[in-house]
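Data block below; observations after.
Every chain is numbered from 1, with letters handed out A, B, ... down the list of sequences. Values below: all heavy atoms of this structure, side chains included; hydrogens, waters and symmetry mates excluded.
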2 protein chains.
Amino acid sequence: MTETILKTYTIGELAKEFNVTTRAIRFYEDKGILNPSRQGQKRIYGPRDRILLKLTLRGKRIGFTLAESQKLFDMYQHGEDNKDQLETMLATLDEKDALLAQQKLDIEEMEAELQAARERCLTAIKKIDNI
Amino acid sequence: MTETILKTYTIGELAKEFNVTTRAIRFYEDKGILNPSRQGQKRIYGPRDRILLKLTLRGKRIGFTLAESQKLFDMYQHGEDNKDQLETMLATLDEKDALLAQQKLDIEEMEAELQAARERCLTAIKKIDNI
DNA sequence: GTTTACCTTTACGTTAACGTCAACCTTAAG
DNA sequence: CTTAAGGTTGACGTTAACGTAAAGGTAAAC
């Protein structure tokens, strides 16, 4: 008995859980990121699709394009045996890592500036209130 | 003598310094982000434009749209006296801050996954080399 | 049996952020 | 004087990531 029963989701459930439209989810399938099975003509998503969706959305939030995410997933899945592909993936990973490092700096600098702007705002409001 | 001589830049200089095209720089002017003076018909950029360009590009790297950056700059510059605007700006700043916090989490999770993928890659390569 | 709530495919529309000509001016150099 | 290396204004083209109808299938609920 290697049979395992997996949790499944409808497109609407996933859409609600991750706060995206069903249109977006179908779009990701179009782009080859998701691969739901069917029950009749209805899409059925398993845990794997759910994870991929989650990763995709996270990628998006930090500026990955769908193509980039897809490429990473793809390499992760079919790259075990091909050395060239593994090395390409390594390079990609390093590149992404560098970008993330830069982004961290950018975020911290931006946070400092937002904080400064915030204080300037508060001071200006106080002045107005005290007139 | 309140006269101060400011450093100026041509569009090409800025493009080279920040590694963007002149087309992009002109585009930012179109969007109201930059405001160079002219010498004849040639654009002359001062330190202020340079900073704004720098901030804009940094914003881009962490996912700000040009419109968002422009809005922030705008509020920062003309908002001193209008209380409503100041409060709008505060709200915007808080919102952005929240996004940045989320991004930090996303980045860290992504880094962990890239690291894991990296190790999987290296192991797989070693296996291939040892055959 | 007919709403209601989801689901489906097909396909054109939209927005952001430039890219990419084209056609032209303007100096400094040879 | 003409060539080269900048700069200028249009203005149409492009890509990503969906939005937005339109037109229809299906299944449980009333």
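In this structure, of C:dA17, D:dG7, C:dC18, it is C:dA17 that holds the atom nearest to the side chain of B:Thr65. Minimum atom distance to the side chain of A:Lys60 is reached by D:dA17, of the listed D:dA17, C:dT8, C:dA17. Counting only heavy atoms from C-beta on, B:Tyr28 has its side chain closest to C:dC18 among C:dC7, C:dC18, D:dC18.
Counting to the nearest Å, the P atom of D:dT14 and the CZ atom of B:Phe27 are 17 Å from each other. What separates CD of A:Glu29 from P of C:dC7 is a distance of 14 Å, to the nearest Å. Atom CZ of B:Arg23 and atom P of D:dG7 are 15 Å apart (whole Å). Between B:Gln39 atom CD and C:dT26 atom P the separation is 14 Å, expressed in whole Å. Spacing between atom NZ of A:Lys42 and atom C1' of D:dG25 amounts to 9 Å, rounded to whole angstrom units. Atom C1' of nucleotide D:dG6 and atom CG of B:Leu14 are separated by 15 Å, given to the nearest angstrom. Rounding to whole angstrom units, CG of residue A:Asp30 and P of C:dT8 are separated by 13 Å. A:Ile11 places its CD1 atom 11 Å from the C1' atom of C:dC6, with the value rounded to the nearest Å.
In the hydrophobic cluster analysis, where Ile, Leu, Val, Met, Phe, Trp and Tyr join through side-chain heavy atoms closer than 4.5 angstrom, A:Tyr9 is grouped apart from A:Ile44. In this structure, B:Leu34 is a member of the same hydrophobic cluster as B:Phe73, with clusters built from ILVMFWY side-chain heavy atoms closer than 4.5 Å. A:Leu99 and A:Leu105 end up in different hydrophobic clusters when Ile, Leu, Val, Met, Phe, Trp and Tyr side chains are linked at under 4.5 Å.
Of the side-chain N and O atoms in B:Thr10, none sit less than 4.0 angstrom from OP1 or OP2 of D:dG6. Between B:Thr22 and D:dG7 there is no side-chain N or O to OP1 or OP2 distance below 4.0 Å. Between B:Thr21 and the phosphate of C:dC18, there is no side-chain N or O to OP1/OP2 separation shorter than 4.0 Å.
Mapping A:Gln41 and A:Ile25 onto DNA chain D by nearest heavy atom places A:Ile25 closer to the 5' end of the strand.
Residue B:Gln115 forms a side-chain hydrogen bond (donor to acceptor under 3.5 Å, both in side chains) with just one option from B:Glu119, B:Arg118, B:Glu113, B:Glu111, and that option is B:Glu119.
The residue A:Lys31 sits apart from the nucleic acid: no heavy atom pair falls under 4.0 Å.
Between B:Thr22 and B:Ile11, the closest heavy-atom pair is O-CD1, 3.7 Å.
In this model, no side-chain donor or acceptor of B:Arg26 finds a partner on the base of D:dT8 within 3.5 Å.
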